[in-house]
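One structure is given below, encoded as structure tokens.
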Amino acid sequence: MPSYKAPIRDMQFLLHEVLGFEDLQSYEAFSEVDRDLADAVLEQSAKFAEEVLTPLNAVGDHEGCTRHEDGSVTTPTGFKDAFKQMTENGWTGLSLDPEFGGQGMPGMLGIAASEMWTSSNMAFAMYPGLTGGAIKAIMSSGTPEQKQTYLPKMIAGDWTGTMNLTEPHCGTDLGLLKTKAVPNGDGTYKISGQKIFISAGEHDMSENIVHLVLARIEGAPAGTKGISLFIVPKFKLDENENPGERNAVSCGSIEEKMGIHGNSTCVMNYDDAEGYLIGEENKGLRVMFVMMNEARIGVGLQGLGQSEVAYQNAAIYAKDRLQGRSLAGPQEEDKPADPIIVHPDVRRMLMETKAFNEAGRALLYWAAKQEDIEKHSDDEKLVEKSDDYLGLLTPVIKGYLTDVSMKTTIDCQQIFGGHGFIEEWGMSQFVRDNRIALIYEGANGVQALDLVGRKLARNGGRALMALNSEIGEFLKENKDNENLSEFMDGLGGAQKKLTEATMWLMQNGMSDPNNAGAGSVDYMHMMGLATLAYMWARMAVVAQAKIDEGSNEKFYPNKLITGRFFMLRMLPMLDAHLAKIKTGAEPVMALEEAAF
Ligand SMILES: Cc1cc2nc3c(=O)[nH]c(=O)nc-3n(C[C@H](O)[C@H](O)[C@H](O)COP(=O)(O)OP(=O)(O)OC[C@H]3O[C@@H](n4cnc5c(N)ncnc54)[C@H](O)[C@@H]3O)c2cc1C
């Protein structure tokens, strides 16, 4: 059975030593949230993840969800109770607005808790995760009445939420969407159509399910300009706003799928269901984007979460499994063979995963801080910068982190040899569960196009310029730190190469958009590598300072060793990506279609 231990020390290092969690106390909303409180939250959340969610991960995988003849869905044994515990402890509202019953903790703390839940049980964590996204969409664009009606119940976890975009003929290209909304004349709408692949679409864990559904109001323009967003509750509300009459929305079937079996992936049928417009007519995508952006960060976190739990188990196994002798001669002569961790190739896989996880975590928590700043600061320039950073880096967090996490999770499975392929060891589940993260919330190739085609150029490239100047300042401040020259040189080189790639795409992407399309995934990876290099350099500065101050905690030299590995063994991938970008579209597009 695989195990999971929340990496609390690493989380504390990031929050308190590297990323300045305590800065947030200067905002009124967080004035009471000090280090002690944050650490207590981390510890309690870890306990819930380790003791309640981890044991249910394999149960969810084996049992899956069951749809009954009446369309109801039962979640795996233990899920309902675990969700009850989660809501009773207030976890569902951890970093949500106290005005509607949330605990009002910073998103930076919320993301650490969510990482633990997604590492310990990704399929389970999707139920509260999607609800969190739906809450943010309602918060951003709901009427005061809608907020009062839905938010307290959803934040408390009494009701959960879903996002309904995909239809059988319409996935990436939402302009093709057909689900119809017909005004009833009283401000409500009749929604009809079919949505597929709806995560947490039907289940037994909450009293009501609040579906956020994209649909086209009769007569609306074709394409993405005619899409509106509706709230469609599973149960309509009675005069006391409690779940009453059943709405005409039902689960037609649940999908048999490769992973995340504990999450119900539903075909949802809307047969003149009653729906309520949220936001303006034909501007539904704008509101849905609030939920999608939230979910994209959440999916990046899923990738990291699976990579982390896979790493932990692979590290334990590599120290335990005896096979072969070290190339440098026997290391454990009293044993019939050495543990496989002596082999450089096993080390390579462990080191790549560890170096990726620790910097990926830093990037995610840093992004969460940007969101906290954006929401709570009254410094307009700072808010603008945080918003720019989030816009630029959301596709990188989603696409790059999940691409790499898939590789690292498979590498960790590889460390188990044949046993990794056998279900009993649990590594197969991590690989299978993680696979979806590269696909949903916009396939990774589409994230890369969003980055290159929209985010880079937005506001005249302001976001990347701000990031470059922040990195430039950081490099200037640390240029004389001789102990860290490998970090600063690596980061400086990454910045130059990224700039070269950006210039190439600007010069060649306009004349032939396929040049941009063919290089976009490489560019997304370059930006991922460069931002992780920035995170590593920041972590290294702190670790070195602690060592210089006389700390003898092993954690700090280990940080430097891991970061140095990233700089020397992972960052050079930048050159390959840059070379590929510069070939342009020609080698990609040359083969005629009939030859495929
Ligand atoms: C388990 C699971 C859970 C899901 N949960 C939800 C949910 O809760 N709500 C919801 O609405 N949807 C959900 N989805 C749907 C998911 O978001 C879509 O499957 C995904 O967005 C891709 O759409 P598609 O499957 O129609 O693929 P398509 O759009 O047909 O794309 C196929 C492939 O073509 C490529 N591609 C397509 N268009 C472009 C382009 N313009 N440029 C470059 N490449 C392109 C991509 O690589 C893509 O992988 C879920 C799916 C699964 C499998």
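Hydrogens, waters and symmetry mates play no part in the numbers below; they use all other heavy atoms, side chains included. Numbering of ligands and ligand atoms starts at 1, following listing order.
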Checking a contact table here: which protein heavy atom is nearest atom 16 (C) of ligand 1, and how many Å away?
Tyr440 CB, 3.8 Å
Looking at Thr92, Asp158, Thr160, which hits side-chain hydrogen bond (donor to acceptor under 3.5 Å, both in side chains) with Ser206?
Thr160
When rounded to the nearest 0.5 angstrom, what is the spacing between CG in Leu214 and CE in Met288?
4.5 Å
Give me the nearest non-hydrogen protein atom to atom 4 (C) of ligand 1 as residue plus atom name, then the distance to 0.1 Å.
Phe197 O, 3.0 Å
What orientation do Trp91 and Phe48 show, parallel under 30°, tilted 30 to 60°, or perpendicular over 60°?
parallel
Pick one of side chain, backbone, both or neither for how Leu449 approaches ligand 1, counting any non-hydrogen atom pair under 4.0 Å.
side chain
Thr166 and ligand 1 - part of the residue with a heavy-atom distance under 4.0 Å:
both
Atom 27 (O) of ligand 1 - nearest protein heavy atom and its distance:
Thr172 OG1, 4.1 Å
Can you list the atoms of ligand 1 that are under 4.0 Å from a heavy atom of Glu441?
17 (O)
When the aromatic ring centroids of Tyr127 and His203 are compared, is their separation below 6.0 Å?
yes
The protein heavy atom nearest to atom 26 (O) of ligand 1 is Gly171 CA, 3.1 Å
Side chain, backbone, both or neither: which part of Ala443 comes within less than 4.0 Å of ligand 1 when only heavy atoms are counted?
side chain
From Cys412 atom SG to Gln414 atom CD, the distance as rounded to the nearest 0.5 Å
10.5 Å
Under-4.0 Å heavy-atom contact with ligand 1, by part of Glu255 that carries it
neither
Could you find the nearest protein heavy atom to atom 53 (C) of ligand 1 and give me its residue, atom name and distance?
Ile436 CD1, 3.3 Å
Side chain or backbone, does Cys170 bring an N or O within less than 3.5 Å of an N or O on ligand 1?
no
Side-chain H-bond candidate by donor/acceptor type, Lys225 with Asn282, under 3.5 Å:
no
Identity and separation of the nearest protein heavy atom to atom 11 (O) of ligand 1
Leu165 N, 2.8 Å
Around atom 20 (C) of ligand 1, find the nearest protein heavy atom and jot down its residue, atom name and distance.
Ile439 O, 3.9 Å
Taking the minimum heavy-atom distance to atom 21 (O) of ligand 1, which of Gly442, Gly517, Ala200, Pro168 ranks first?
Gly442
Counting only heavy atoms on the protein side, is anything nearer than 4.0 Å to atom 33 (C) of ligand 1?
no
Among Asp403, Asp450, Asn444, side-chain hydrogen bond (donor to acceptor under 3.5 Å, both in side chains) partner for Lys398
Asn444
Using the ring centroid of each side chain, check whether Phe124 and Phe79 are separated by less than 6.0 Å.
yes
Of all the atoms in ligand 1, which lie at a distance below 4.0 Å from a heavy atom belonging to Met163?
7 (C), 8 (O), 9 (N), 10 (C), 11 (O)
Would you check if the distance from the ring center of Tyr276 to the ring center of Phe230 is below 6.0 Å?
no
Would you say the side chains of Asn57 and Gln429 form a donor-acceptor pair under 3.5 Å?
yes
for atom 8 (O) of ligand 1, nearest protein heavy atom and its distance come out as Ser199 N, 3.0 Å
OG1 of Thr353 to OH of Tyr311, rounded to nearest 0.5 Å, is 8.0 Å
